[in-house]
Amino acid sequence: MSLDFSVLLLFQDALVLGLWTTIKLTLICVVLGSSLGFLVGLARTAPSAVVRGIASVYVEFFRGTPVLIQLFWIFFCLPLILGVELSNLASGVIALTLYMGAITSETFRASLKSVGREQMDACIALGLPRHVQVTSVILPQAVLRAVPTLLSNCVSLFKESALVSAVGMADLMFVGQNISNNTARPVEVLTVVALIYFAIAFPLTRAVTLVEGRILKKLAI
Amino acid sequence: MTSASAPLVSIRALHKSYGPHIQVLKGLDIEMKPGERVVVIGPSGGGKSTLLRVVMGLEKIDSGSVTFGGRPYISSAGAGAKTVIDTEVRRSIGMVFQHYTLFPHLSVVQNLVLAPCKVRGEKKASAVRRAEALLERFGLAAKANAYPAQLSGGQKQRVAIARALMLDPKLMLFDEVTSALDPELVAEVEQVILQLAGQDMPMMIVTHDMWFAKNIASRVIFCAGGVVVEDGPPEQVLGAPREERTREFIDRVFHIKQ
Ligand SMILES: Nc1ncnc2c1ncn2[C@@H]1O[C@H](COP(=O)(O)OP(=O)(O)OP(=O)(O)O)[C@@H](O)[C@H]1O
Ligand SMILES: [Mg+2]
């Protein structure tokens with residue numbers, strides 16, 4: 001077989017548009033999902049057993065099922081239950097936000113826990129009121145410690161976002177599949193699409209290691 | 001101080017356990033007068049840290065009471081009753097821990113001004129001025145903007161002491177503050193504490209360092225098995241103990257080091 005990458009040049013604009021959709025979707029769900037994850041992470045360390053219980057059911061459920069079925073369920077079943085039409089964008093955002101919320105809540109929970117009892121002792125010995133303990137001591141350290149894992153979570157989300165093509169959202173994966181079908185050149189097209197994903201995800205995964213080293217060094221005491 | 005002056009700290013029948021099986025303090029009575037520097041010594045696991053943590057208001061107690069400057073401070077009626085801690089009294093006590101416990105995300109000066117600004121509502125500029133003066137006094141002026149991770153253990157511990165002093169405590173608690181340090185860094189921290197002693201700061205100190213104990217103590221308490229075994233001036237407890245258990249401990253722990 002002979003390879004002909006020039007077909008891709010014809011579809012350059014479509015690919016850029018698809019990539020832009022993927023990036024937008026990822027960014028929206030990173031913001032919404034990690035905010036949700038932060039709250040759920042807090043809820044999982046809450047004194048109330050009911051709050052902790054609800055939060056863990058959510059997290060375990062979303063971590064324990066494939067993202068594809070979550071997406072399909074939200075796209076096909078939720079509208080039937082709620083009686084409203086959901087656009088493929090809306091269901092993509094909801095599904096990926098819930099997914100991101102579940103995985104980042106674990107990240108935040110671990111980082112909240114890593115701010116140890118000795119820091120709390122120091123807070124009490126200094127007479128810091130509870131709200132100052134939380135806002136000035138616990139949260140900044142927890143967020144700092146969470147940064148490297150959060151970056152990894154973002155990379156996972158970026159890759160998982162390709163699933164929204166299955167409900168017809170015109171992201172990079174969807175566009176790539178279409179071009180590949182229409183040109184009958186799957187090798188060239190799908191390889192290039194894979195390389196585009198890689199070109200974005202790889203530097204991010206490297207950044208994780210770098211940032212992690214720096215933060216650990218800063219927080220080492 | 002005369003023996004007639006009112007006690008600064010008065011601990012009565014203090015019982016403390018961790019869970020149902022670990023009884024640590026079994027009826028401790030200690031009376032500390034203003035201006036006294038009490039060194040607490042005793043075998044590992046004897047409850048010295050627990051005692052200091054209780055006085056700092058960090059622990060629940062089973063029963064007993066602590067008063068501070070004549071005011072009720074900590075009490076529990078016993079048998080599952082709640083521990084009542086007067087947090088206002090607690091604010092007049094400062095503590096330095098074995099493992100520094102600085103806030104790693106804050107610079108040295110930020111570590112110092114956090115509590116004065118947030119607890120007492122002091123103006124940032126005034127707190128920073130006081131912090132810089134303290135750092136200067138402790139030989140840390142050049143480190144004001146460094147982060148804890150950039151400091152040596154001795155420097156971290158001096159910052160921790162300065163941080164506690166920012167709140168003008170009426171009593172300072174030191175729990176083995178030099179135990180985690182490399183030997184060559186011990187002296188710089190002990191010097192700072194001796195400097196405080198020179199200004200009549202009341203202190204309770206747990207240490208395994210004989211030289212330091214002798215030089216800082218106005219009184220030594222030997223604690224073992226959750227009770228006070230011997231209590232007296234340093235010349236007595238460290239030099240010529242009356243109790244057999246104290247003598248054994250001093251011989252075993254301190255004299256090997258000398
Ligand atoms: N948070 C805790 N939970 C359960 N047990 C504890 C806790 N803290 C201390 N203990 C136990 O209580 C006992 C007294 O501990 P404490 O730390 O007060 O002793 P110490 O005299 O300071 O000893 P060391 O010289 O080793 O520091 C020990 O048996 C210890 O294992
Ligand atoms: Mg101890």
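Order of the sequence lines fixes the chain letters, A, B, ..., with proteins taken first and strands second; residue numbering starts at 1 for each chain. All values below were derived from every heavy atom in this structure, side-chain atoms included, with hydrogens, water molecules and symmetry-related copies excluded.
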Do B/Glu59 and A/Arg117 sit within salt-bridge range, that is, some charged N less than 4.0 Å from a carboxylate O?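 Judged by the 4.0 Å cut-off on N to carboxylate O distance, B/Glu59 and A/Arg117 do form a salt bridge.
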With no hydrogens and no angle check, is any side-chain donor or acceptor of B/His105 less than 3.5 Å from a backbone partner on A/Ala142?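 Looks like no, no N/O pair under 3.5 Å.
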Rounded to the nearest 0.5 Å, what separates atom [atom1] in [X] from atom [atom2] in [Y]?
{"X": "A/Asp121", "Y": "B/Leu58", "atom1": "CG", "atom2": "CG", "result": "5.0 Å"}
{"X": "B/Lys118", "Y": "A/Cys123", "atom1": "NZ", "atom2": "SG", "result": "12.0 Å"}
{"X": "A/Leu126", "Y": "B/Arg163", "atom1": "CG", "atom2": "CZ", "result": "5.0 Å"}
{"X": "B/Leu114", "Y": "A/Gln133", "atom1": "CG", "atom2": "CD", "result": "10.5 Å"}

Please classify the contact between A/Leu128 and chain B as side chain, backbone, both or neither, with a heavy-atom cut-off of under 4.5 Å.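 Contact with chain B is through both the backbone and side chain of A/Leu128.
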Considering only heavy atoms, which portion of A/Val137 lies under 4.5 Å from any heavy atom of chain B: side chain, backbone, both, or neither?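 Contact with chain B is through both the backbone and side chain of A/Val137.
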Shortest non-hydrogen contact from B/Phe97 toward A/Ala122: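 Distance-wise, the nearest heavy atoms are CE1-CA, 4.1 Å.
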Residue pair B/Arg91 / A/Gly127: nearest heavy atoms and the distance that separates them: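 Result for this residue pair: CG-CA, 4.0 Å.
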If the test is side-chain contact (heavy atoms from CB on, under 4.5 Å), which one of B/Met95, B/Arg90, B/Met56 qualifies with A/Ile124?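 Of the listed residues B/Met95, B/Arg90, B/Met56, the side-chain contact (heavy atoms from CB on, under 4.5 Å) partner of A/Ile124 is B/Arg90.
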Using a cut-off of 6.0 Å, state whether more than 12 heavy atoms not belonging to [X] lie near its atom [atom1].
{"X": "A/Ile69", "atom1": "CD1", "result": "no"}
{"X": "A/Arg214", "atom1": "CZ", "result": "no"}
{"X": "A/Phe61", "atom1": "CZ", "result": "no"}
{"X": "B/Glu184", "atom1": "CD", "result": "yes"}

Contact listing (chain A partner; residues 60-67 of chain B; heavy atom under 4.5 Å):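 The list, in residue order, is empty: none.
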Quick one: what part of B/Leu167 sits under 4.5 Å from any heavy atom of chain A, side chain, backbone, both or neither?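 B/Leu167 touches chain A through side-chain heavy atoms alone.
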Among pairs that include at least one residue of residues 30-49 of chain A, which meet side-chain hydrogen bond (donor to acceptor under 3.5 Å, both in side chains), considering only residues two or more places apart or in two chains?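 Non-adjacent pairs meeting side-chain hydrogen bond (donor to acceptor under 3.5 Å, both in side chains): A/Arg44-A/Glu106.
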